[in-house]
Each structure stands twice: as structure tokens, then as C-alpha cells.
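Below is one structure, written out as C-alpha cells; comments come after it.
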Amino acid sequence: MNKATAMPRLVPGKLVAATHNKGKVSELKDLFAPHGFEVVSALELGLDEPEETENSFAGNALLKARAAMKATGLPALSDDSGLSVTALGGQPGIYSARWAGEPRDFHKAMEKVESELKASGSADRSAKFVCVLAVAWPDGTEAVYEGEVHGTLVWPPRGERGFGYDPVFVADGETETFGEMEPERKHAMSHRARAVEKLRAALLA
Ligand code: IMP
């Protein structure tokens with residue numbers, strides 16, 4: 001997944017994050033701050049949010065990074081991520097945000113996952129979060145980095161922290177949901193943290 005040949009470096013300073021999702025922005029700010037980056041989101045810059053028309057995390061991540069890079073003339077970072085449930089054939093996957101409807105209601109989205117799981121008749125409650133980070137530079141260079149965290153879905157939801165599907169996800173080896181965990185602990189194991197670590201190793205070394 002990583003295309004890291006002769007990649008330009010990311011120079012510490014302002015980094016445009018091509019997302020309007022406040023949960024993601026907050027996590028990306030935390031994850032990039034130790035490397036000297038001030039993450040500025042597309043929302044803060046008033047950029048339009050492109051429609052996610054691709055059929056993969058990487059495709060949608062690249063589409064968002066390219067749009068933000070073109071709008072700002074700066075290297076741009078994007079995050080396309082989601083929850084992939086084994087018994088549902090990987091759903092909601094790239095449609096994770098869309099399962100929350102408009103306006104976004106993640107309690108509704110978690111209920112939908114739970115009811116589809118019940119309807120599937122499967123006892124398998126395993127799932128994973130996937131995060132693909134894409135970087136697009138003004139010279140046309142692009143790179144993608146993927147991180148995953150495997151775990152189990154619980155019901156009912158637990159915890160007020162994090163965002164999205166965090167209250168129903170317990171990572172392997174843990175007892176707390178991501179919604180109950182201290183953010184620093186989630187950042188030590190999350191799909192997003194793993195993708196950031198790959199990006200860091202390739203672009204910030
Ligand atoms: P998109 O990448 O903008 O299509 O949205 C991804 C969606 O996946 C988010 O709106 C969340 O619902 C879900 N998601 C991604 N990462 C996380 C996470 O770390 N915790 C909980 N939900 C997540």
C-alpha cells in the first residue's frame with residue numbers, strides 16, 4: 001500500500017488536513033503535533049468537501065487530498081477511514097459516515113450495525129477500523145499509508161470519548177471501548193496512529 005520511493009519530505013509547519021470531521025481533526029492534531037506540525041483543517045480554511053465517489057479507502061483518501069492541495073497550493077493530507085465488520089462482509093467500510101445519515105447521527109449508525117449483525121445470525125462480532133492517509137504534493141507526487149486495528153463489537157455503546165463508532169469497539173487485548181479510553185491510550189494503538197507511524201517513517205525520518 002505504501003508508495004514511498006523518492007518521496008518528498010513533509011517539512012514541519014502548517015499541514016492542511018483535507019477533512020471536515022472534527023473527531024478526525026482533533027486526533028490528527030494530537031498525532032502530528034509531536035512531529036512539529038500544526039494541522040489546519042479544510043473546515044477551518046473554509047474549503048469545500050468533495051463528494052467521495054471512489055470505491056476504496058485509498059481512492060477516496062487521494063481524491064480528498066488532491067482537492068485540498070489544488071485549493072491551497074500546499075501539500076495536503078487526508079484521512080479516509082471506517083469500520084469493517086467481518087460478519088457483514090466488511091460493511092459499513094467506506095460507507096461508515098454515510099450509515100449515520102444526514103445530519104450525522106452515530107448512535108443511529110451503531111444501532112444499524114447492531115441490528116444488521118443480529119439479522120446476519122452470525123456469532124462473529126469481530127471488526128476492524130481501517131485508516132488510509134493520503135498525501136498529495138503540488139508537483140503531482142502522491143503517497144498513501146494504511147493502518148488497521150482489530151477488535152470486537154460490544155452492545156450497548158459505552159463511553160463518551162472519541163467519535164463515530166468508538167463506543168462499540170473494543171480493541172483486541174483491551175477491556176475498555178475506544179469511547180471509554182483516555183485519548184492518549186487510543187492514540188497508542190489506533191488504526192489512525194498506525195497509519196501516521198508509517199507516514200512518519202517514510203516522510204519525516
Ligand atoms: P470518512 O473517512 O469521512 O468517509 O468517514 C469515516 C467514518 O468512519 C467516520 O465518520 C466514523 O464514523 C468512522 N471512523 C473512522 N475512524 C474512526 C475512529 O477512530 N473511531 C470511530 N469511528 C471512526
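Whatever order the structure lists ligands and atoms in, that order sets their numbers, starting from 1.
Heavy-atom distances between Asn60 and ligand 1 stay at or above 4.0 Å for every pair. Put simply, part of Asn21 is less than 4.0 Å from ligand 1, judged by heavy atoms. Contact analysis leaves Arg104 out of contact with ligand 1, as no non-hydrogen atom separation drops below 4.0 angstrom. Using 4.0 Å as the threshold, Phe178 has no heavy atom nearer than that to any atom of ligand 1.
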Could you walk me through whether Glu38 and Lys29 pass the salt bridge (charged side-chain N to carboxylate O under 4.0 Å, His left out) check? CA-CA 7 Å; Glu38 185 198 340; Lys29 282 182 192 279; 5.9 Å; no
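In this model, a donor atom of one side chain and an acceptor atom of the other lie less than 3.5 Å apart for Asp79 and Ser81.
Interface of Ser96 with ligand 1, defined as ligand atoms under 4.0 Å from a residue heavy atom, comprises 7 (C), 8 (O). Taking every non-hydrogen atom of Gly82 and a distance limit under 4.0 Å, the qualifying atoms of ligand 1 come out as 8 (O), 15 (C). With ligand atoms numbered from 1 in the order given, ligand 1 contributes 1 (P), 2 (O), 4 (O) to contacts under 4.0 Å with heavy atoms of Asp80. Annotation for ligand 1: atoms under 4.0 Å from non-hydrogen atoms of Asp79 are 2 (O). Taking every non-hydrogen atom of His191 and a distance limit under 4.0 Å, the qualifying atoms of ligand 1 come out as 16 (N), 17 (C), 18 (C), 19 (O). For ligand 1, the atoms lying closer than 4.0 Å to a non-hydrogen atom of Gly164 are 12 (O), 21 (C), 22 (N).
Other residues, nucleotides and ligands place more than 12 heavy atoms under 6.0 Å from the CD atom of Glu184. Atom CD of Glu160 has 12 or fewer neighbouring heavy atoms from other residues, nucleotides or ligands inside a 6.0 Å radius.
Applying salt bridge (charged side-chain N to carboxylate O under 4.0 Å, His left out) to Arg192 and the options Glu27, Glu197, Glu146 leaves one that passes, Glu27.
Atom 4 (O) of ligand 1 has its closest protein heavy atom at Glu52 OE1, 3.2 Å. Looking only at protein heavy atoms, the nearest one to atom 16 (N) of ligand 1 is Arg192 NH2, 2.9 Å. The protein heavy atom nearest to atom 12 (O) of ligand 1 is Phe106 CE2, 2.8 Å. Scanning the protein heavy atoms around atom 6 (C) of ligand 1, the nearest turns out to be Ser81 O, 2.9 Å. Scanning the protein heavy atoms around atom 22 (N) of ligand 1, the nearest turns out to be Tyr165 N, 3.1 Å. Shortest contact from atom 20 (N) of ligand 1 to any protein heavy atom: Asp166 OD1, 2.7 Å. Remark: minimum distance from atom 14 (N) of ligand 1 to any protein heavy atom is reached at Phe163 CE1, 4.1 Å.
When the heavy-atom distances from atom 18 (C) of ligand 1 to Lys186, Glu49, Lys24 are ranked, the shortest goes to Lys186. The option with the heavy atom closest to atom 5 (O) of ligand 1, from among Gly179, Gly93, Ala97, is Ala97.
Judged purely by atom type and a 3.5 angstrom limit, Ser84 has no side-chain atom pairing as donor or acceptor with the backbone of Gln91. Ser126 places no side-chain N or O within 3.5 Å of a backbone atom of Thr86 that could act as its donor or acceptor partner. Glu174 contributes no side-chain N or O that, together with a main-chain N or O of Ala171, makes up a donor-acceptor pair within less than 3.5 Å. A side-chain donor-acceptor contact under 3.5 Å links Asp139 to the backbone of Thr141. Between the side chain of Arg194 and the backbone N or O of Glu148, at least one donor-acceptor pair lies under 3.5 Å.
Scanning for salt bridge (charged side-chain N to carboxylate O under 4.0 Å, His left out) contacts around Asp166 gives Lys186, with sequence neighbours left out.
A salt bridge between Glu52 and Lys64 is present, with a side-chain N of the basic residue lying under 4.0 Å from a carboxylate O of the acidic one.
When heavy-atom distances to ligand 1 are checked against a 4.0 Å cut-off, Met110 has no atom that comes that close, whether in backbone or side chain.
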